[in-house]
Amino acid sequence: MKEQLKFIQGNEVCVEGALYSGLGFFAGYPITPSSEILEYLSRRLPEAGGSFVQMEDEIASICAIIGASLTGKKSMTATSGPGFSLMQEALGFAVMAEIPCVVADVQRFGPSTGLPTQGSQQDVYQARWGRHGDHSIIVLTASNHQDLFYITVEAFNFSETYRSPVILLLDEGVAHLREKVIIPKQGEIPVIERLRTSVPEGVDYHPYLPREDGRLPMSDFGGSHRYNVTGLFHDMWGFPSTDPKIVHGLLHHLVDKIESNVNQIARFKEYFLDDADFVIVSYGSSARTALHVVHSMRRKGEKWGLLELQTLWPFPCSLVREKCEEADFVFVVEINMGQVVHEVKRCVDYPEKVYLVNRVDGEFITPTDIKNITRVILGRGV
Amino acid sequence: MDISIKDYIRKRFFPHLWCPGCGHGTVLNNLLRAVAELGIPKNQIVMVSGIGCSSRISGYVDFHSLHTLHGRALAFATGVKMSQPHLNIIVPMGDGDALAIGGNHFIHACRRNIDLTAIVMNNRIYGMTGGQFSPLSGKGILATTAPFRNLDPAFDTVNLAISAGATFVARTTTYHFKEIKEYIKKAITHKGFSVVEILSQCPTSFGRKNKLASPVEMLKFFKDTTALLGSKRLEQGPDLIPRGIFVDKEVPEYTEEYQKLIKRVQKNT
Amino acid sequence: MKAQHIINRHWCKGCGICVAFCPKNVLELDMEEKVVAVRPEDCIGCRVCEFRCPDLAIEVIVEREHERAA
């Protein structure tokens, strides 16, 4: 496939990224503002030889992609808030059974049915803690189409590397925006394929015994190794176990395989941070507004900078601490009542210098909003 | 020479966890015989189960086994089948699993006519959680959540499956072991969504509360209260529960149709 | 005809289904509530005990007359 220049919607960029990664199976259910992912893939996936199925609900959709992933296919579903809530139990299953898959949550304004056609960034904590029980998970986001393409490929790569579901936390602002994107030619950016076991047929295969590098090679359902997959705590063959040693070991493995790789998983962009007195931390569509503000402040001679997070979970704590160290003020810009701001406060040495800059009326946060709020915080009045 | 069903189980997990006299063991017993007689290689079979007593069956069989979430087995199985249409997928479920929490997936799998073999092990009770009534318990039974007798009418699994579009539908009981084997063989061979309802005894939670304290009594109850389709007994006993094959028809199967669709669109691009 | 009843005492949970439905009363539960073939000579080799056993604990090996002759 050659390099292609496109002018498309964010949801379609996500589709392009998934196809670039070798998506083999998609199951989904219509919900605003993510339905275009479902629509585009109903056309594009069979063209690429993959399978698409519109299921009876979001629960069925995520269950189906987990089943498909076990046969060796890269699998994905897409949804928004209410559907994302329905998917949590099965996401927990994918965490426990360590099954790679990607879930795009195009955030809309909630709670509940909320404002279905309007964007938000309110699902940051749900993406992290939506499931019951201790675990860790990878959550990625992006603010523009080019980054969204790369981050979608990264989502599939991480899901294969860490044998974990990865959540692509988009928001309506980016998903429904149309702008330029360059789809690179095949091979230009790395695509990580499923790591399959080299254990030959007839030799005992342990689906849940990590290699020295921590990775767990898989064997496709229908292949020569028959093993068990369950949401119960299980031994290295996948069979249920209540042995305290096994339970302790597995829970630690599920958390550590992600938390101990926080630096490898951290994706971010930085603008003018070297000498910034005022650091904005933002992500997704609100980072676009933030960047606009940083540019305009710099034109006025004020030293503003932006740290744009693309990995939200595991939260890149030491990165945030380091980037905010020299700042007099840290402004966290997000379209919610304050979610990432709590993480930033947790990570920096002086949490009292961290302020939330937000908007929660269903409208998109504007540069004027950011300027007005920060002026008040800085004691300059409006 | 008999094919040993022991070749199809994971012996190290026996004796199994089911209670003495639980009908689910008899289903396992004859399901293995069905698979053995069909001669399907073990690598070609995926068993997908949900949650509950019934779901533990997948841990005992030496197939690819996927023990999923309560009610969601058919949804997981749909993903497996869509991705690897050549595999044989057997989906044993309990009555609550299949028709309460999993009811939506059940009717939609019927509607799609996707080639899965659904086995509803109907013991009319939630056994694993201690004996609460299920949507197949029926009016008048006693359960831990129906201390004054159940008011909820029951689904008829067979009628529900037929109305929703299943293309192979059969019912039998754990007393009628030959029918279990025969119907499961036909269901696996059938191209399309097949449902085999097997009335199974739960002496511990259903029986004890409902004056059927022993597994033997429960089997006799199945013998006495059911009759084969087309039999004189059924004709003369309109209150008897019919057993037999209710539907067996050829209708285009979902994954085959999807493979055709892929070929068609790839030709046009 | 000669029948041999192979009983896995470890797997048998003593539910009594095989005992109750044996047409020739070949089987009984012992003191430990495990099945034993007390009258194997009466067995007609129908194997209903084997097919109904929920515990997969009994196997009947039937040797027919003509097989023995051969």
Side-chain angles (χ1 to χ4, degrees), chain A residues 24-27 42-75 77 89-94 96-97 99 101 201 207 219-232 234 237-240, chain B residues 10 12-13 17 42-49 51 55-56 58-89 101-102 104-109 111-112 114 254-255 258-259 261-266 268-269:
Chain A
F25 182 80
F26 181 94
S42 69
R43 177 178 292 274
R44 296 290 304 280
L45 200 48
E47 285 176 356
S51 300
F52 166 94
V53 58
Q54 183 172 316
M55 295 299 285
E56 52 273 18
D57 59 25
E58 287 89 347
I59 298 173
S61 302
I62 182 148
C63 294
I65 71 164
I66 294 169
S69 183
L70 276 166
T71 71
K73 306 280 186 198
K74 287 191 177 176
S75 305
T77 184
E89 186 196 13
L91 262 170
F93 182 90
M96 181 59 128
I99 299 169
C101 58
E201 184 163 11
S219 176
D220 298 345
F221 265 33
S224 54
H225 297 291
R226 297 180 301 278
Y227 58 97
N228 192 52
V229 175
T230 177
L232 290 164
H234 47 268
W237 293 276
F239 291 107
Chain B
R10 290 159 170 159
R12 65 187 184 281
F13 301 120
L17 58 56
K42 292 191 277 187
N43 281 343
Q44 298 290 306
I45 303 173
V46 180
M47 184 176 279
V48 187
S49 65
I51 291 289
S55 74
R56 291 309 191 94
S58 62
Y60 298 122
V61 294
D62 189 18
F63 310 140
H64 303 283
S65 58
L66 177 54
H67 174 225
T68 69
L69 301 170
H70 195 29
R72 316 298 173 202
L74 286 169
F76 281 86
T78 298
V80 176
K81 184 70 183 179
M82 285 292 285
S83 303
Q84 295 295 344
H86 68 281
L87 295 176
N88 296 281
I89 323 273
I101 188 165
N104 199 29
H105 309 306
F106 182 83
I107 56 173
H108 286 277
R111 174 180 63 83
R112 280 187 199 104
I114 184 164
Y254 193 73
T255 55
Y258 198 81
Q259 292 306 310
L261 179 146
I262 291 177
K263 279 207 182 104
R264 200 172 73 227
V265 299
Q266 285 189 329
N268 296 339
T269 48

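The sequence lines fix the lettering, A, B, ..., with proteins before strands; numbering per chain opens at 1.
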Highest number of heavy-atom pairs under 4.5 Å with chain A: which of B/M82, B/R10, B/K81, B/H86?
B/R10
Side chain, backbone, both or neither: which part of A/L232 has an atom under 4.5 Å from a heavy atom of chain B?
side chain
Of A/P240, A/S61, A/A64, A/A97, the largest count of non-hydrogen pairs under 4.5 angstrom with chain B goes to A/A64
Using side-chain contact (heavy atoms from CB on, under 4.5 Å), reason through A/R226 and B/M47 one step at a time and then give a plain yes or no.
CA-CA 11 Å; A/R226 297 180 301 278; B/M47 184 176 279; over 6 Å; no
A/E47 side chain to B/Q266 backbone, donor-acceptor under 3.5 Å
no
Are any side-chain N or O atoms of B/H105 and backbone N or O atoms of B/R72, one a donor and one an acceptor, separated by less than 3.5 Å?
no
For the candidates B/T68, B/T78, B/N43, B/L66, which exhibits the highest count of non-hydrogen atom pairs separated by less than 4.5 Å from chain A?
B/N43
With only heavy atoms counted, which part of B/R111 is less than 4.5 Å from chain A, the side chain, the backbone, both or neither?
neither
Do the side chain of A/D220 and the main chain of A/G222 share a donor and acceptor less than 3.5 angstrom apart?
no
Greatest number of non-hydrogen atom pairs under 4.5 angstrom with chain B, of A/G24, A/A27, A/G49, A/G238, falls to A/G49
Sidechain-backbone polar pair: A/S75 side chain, A/I66 backbone, donor-acceptor under 3.5 Å:
no
Is A/F25 in contact with chain B via its backbone, its side chain, both, or neither, using a 4.5 Å heavy-atom distance?
side chain
Interface residue of largest heavy-atom contact number with chain B, from A/A60, A/G72, A/S51, A/G50, under 4.5 Å
A/S51
Heavy-atom contact with chain B under 4.5 Å, split by part of A/I65:
neither
Only pairs of heavy atoms separated by less than 4.5 Å count here; which of A/S224, A/G231, A/S69 has the most with chain B?
A/S224
Okay, B/R56 and chain A: the region with an atom under 4.5 Å from a heavy atom over there is side chain
Sub-6.0 Å ring centroid separation between B/Y60 and A/F239
no
Counting heavy-atom pairs under 4.5 Å with chain A, which one of B/V46, B/I262, B/L69, B/V265 comes out on top?
B/L69
Could you state the interatomic distance from CD (B/Q84) to CG (A/L70), rounded to the nearest 0.5 Å?
11.0 Å
If you compare all heavy atoms of A/E56 against all heavy atoms of B/R112, which two are closest, and at what distance to 0.1 Å?
OE1-NH2, 2.6 Å
So what's closer than 4.5 Å to chain A heavy atoms on B/K42: side chain, backbone, both or neither?
both
Between A/A90 and chain B, which part of the residue has a heavy atom less than 4.5 Å away: side chain, backbone, both or neither?
both
What pair of heavy atoms forms the shortest contact from B/S58 to B/V61, and how long is it?
O-CG2, 3.4 Å
Let's test your reading of the structure: which of B/Y254, B/F63, B/F76 forms the most heavy-atom pairs below 4.5 Å with chain A?
B/F76
Ignoring hydrogens, what is the shortest heavy-atom contact between A/F52 and B/Y258? Give both atom names and the distance.
N-OH, 2.9 Å
